Trainee: 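Got a structure here, written out as structure tokens. Questions coming.
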Amino acid sequence: QVQLVESGGGLVQAGGSLRLSCAASGRTFRGYVMGWFRQAPGTEREFVATISWGGESTYYADSVKGRFTISRTNAKNTVYLQMNSLKPDDTAVYYCAATLGGTVVSAVKDVDYWGQGTQVTVSS
């Protein structure tokens, strides 16, 4: 079992930045592909970004490419999502996700563990 706890959400004006963190505990972090998903009210959960175990591979949704950066520090069992140039459309609950094995995780059905989510609100 892996427990994931997100932090760093909040209210920010359009054009601003936020950095989300996700701390993992429980079973070893080793070998887990990590990702971020988001869900706005009335919509399905959608993929945002993913990073491989070693950090050498990253993949982003087109809607955030060039604005968001995913990274990880395995020594701290933590993954991050740096969000710049935020837009009102980025408003959602952001969820950390973990999957054992593979290179990326970009589909909800492939996620093994979820965090509880952190709210990000971008005002216009």
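All figures in this text were calculated on a predicted structure; none of them were measured in a lab.
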Trainee: If you compare all heavy atoms of S17 against all heavy atoms of Q82, which two are closest, and at what distance to 0.1 Å?
Mentor: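 Looking at all heavy atoms of both residues, the shortest contact is CB-NE2, 4.0 Å.
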Trainee: What is the minimum heavy-atom distance between L4 and C96, and which atoms define it?
Mentor: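 Reported closest heavy-atom pair: CD1-O, 3.8 Å.
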Trainee: So, T99 side chain and V105 main chain: donor-acceptor pair closer than 3.5 Å or not?
Mentor: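 The answer is no, because no donor-acceptor pair under 3.5 Å joins these two groups.
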Trainee: Can you measure from CH2 (W53) to CG (N74) and round to the nearest 0.5 angstrom?
Mentor: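 Going from CH2 on W53 over to CG on N74, the span is 3.5 Å.
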Trainee: Dump the intermediate steps for side-chain contact (heavy atoms from CB on, under 4.5 Å) on L81 and T69, then the final yes or no.
Mentor: CA-CA 6 Å; L81 185 68; T69 302; over 6 Å; no
Trainee: Between D112 and L100, is there a donor-acceptor pair closer than 3.5 Å when you use the side chain of the first and the backbone of the second?
Mentor: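 Side chain of D112 to backbone of L100: a pair is present.
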Trainee: Would a hydrophobic clustering, with Ile, Leu, Val, Met, Phe, Trp and Tyr connected at side-chain separations under 4.5 Å, put M34 with Y95?
Mentor: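 No, no single cluster joins them.
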Trainee: Could you check D90 against K87 for salt bridge (charged side-chain N to carboxylate O under 4.0 Å, His left out), going step by step and ending with a plain yes or no?
Mentor: CA-CA 5 Å; D90 295 318; K87 306 174 182 179; over 6 Å; no
Trainee: On the 0 to 90° scale, with breaks at 30° and 60°, tag the Y113-Y32 ring pair as parallel, tilted or perpendicular.
Mentor: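 The arrangement is tilted - the two ring planes meet at 30° to 60°.
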Trainee: Using modelled atom types only, decide if a donor and an acceptor are shared between the side chain of T91 and the backbone of T121 within a distance under 3.5 Å.
Mentor: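 Side chain of T91 to backbone of T121: no pair is present.
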Trainee: Hey, what do you get for OG (S57) to CD1 (I51), rounding to the nearest 0.5 Å?
Mentor: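 Rounded to the nearest 0.5 Å, the OG-CD1 separation comes to 8.5 Å.
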Trainee: With a 3.5 Å distance limit and no angle check, can you tell me whether R67 reaches the backbone of S85 through a side-chain donor-acceptor pair?
Mentor: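 Side chain of R67 to backbone of S85: a pair is present.
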Trainee: Which heavy atom of V2 sits nearest to which heavy atom of A24, and what is that distance?
Mentor: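 Looks like CG1-CB, 4.3 Å.
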Trainee: So, E6 side chain and Q116 main chain: donor-acceptor pair closer than 3.5 Å or not?
Mentor: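 It does hold such a pair.
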Trainee: Let me see the working for F68 and N84 under side-chain contact (heavy atoms from CB on, under 4.5 Å), right down to the final yes or no.
Mentor: CA-CA 6 Å; F68 291 10; N84 299 329; over 6 Å; no
Trainee: Are L20 and V64 co-members of a hydrophobic cluster defined by side-chain heavy atoms under 4.5 Å apart?
Mentor: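 In one cluster with V64: L20, yes.
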Trainee: Say whether V12 and V93 are linked into one hydrophobic cluster, either directly or through other cluster members, by side-chain heavy-atom distances under 4.5 angstrom.
Mentor: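 Different clusters: V12 never reaches V93 through Ile, Leu, Val, Met, Phe, Trp or Tyr contacts under 4.5 Å.
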Trainee: Please check this pair: side chain of R72 against backbone of S52, looking for a donor-acceptor N/O pair closer than 3.5 Å.
Mentor: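 At least one qualifying donor-acceptor pair exists.
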Trainee: If every non-hydrogen atom of V104 is compared with every non-hydrogen atom of T50, which pair is closest and at what distance?
Mentor: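 So the minimum-distance heavy-atom pair works out to CB-CG2, 3.5 Å.
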Trainee: Roughly how far apart are Y80 OH and S7 OG, rounded to 0.5 Å?
Mentor: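 Reported to 0.5 Å precision, the distance equals 9.0 Å.
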Trainee: For A49 versus Y60, what's the shortest heavy-atom pair and its separation?
Mentor: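 A49 and Y60 have their closest heavy atoms at CB-CD2, 3.6 Å.
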Trainee: Do Y94 and V111 share a hydrophobic cluster (ILVMFWY, side-chain heavy atoms under 4.5 Å, transitive)?
Mentor: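 No: no chain of side-chain contacts under 4.5 Å links Y94 to V111.
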Trainee: Give a yes or no on whether E56 atom CD has more than 12 heavy-atom contacts from other residues, nucleotides or ligands under 6.0 Å away.
Mentor: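 Count over threshold, so yes.
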Trainee: For this output row, return yes or no: ring centroids of Y59 and F47 closer than 6.0 angstrom.
Mentor: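 They qualify: ring centres under 6.0 Å apart.
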Trainee: Looking only at heavy atoms, which two atoms of S63 and R38 are closest? And how far apart?
Mentor: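 Looking at all heavy atoms of both residues, the shortest contact is OG-NH2, 3.5 Å.
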Trainee: Please tell me whether V120 and W36 are part of a single hydrophobic cluster in this structure, the criterion being side-chain heavy atoms less than 4.5 Å apart.
Mentor: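 Yes, V120 and W36 fall within the same hydrophobic cluster.
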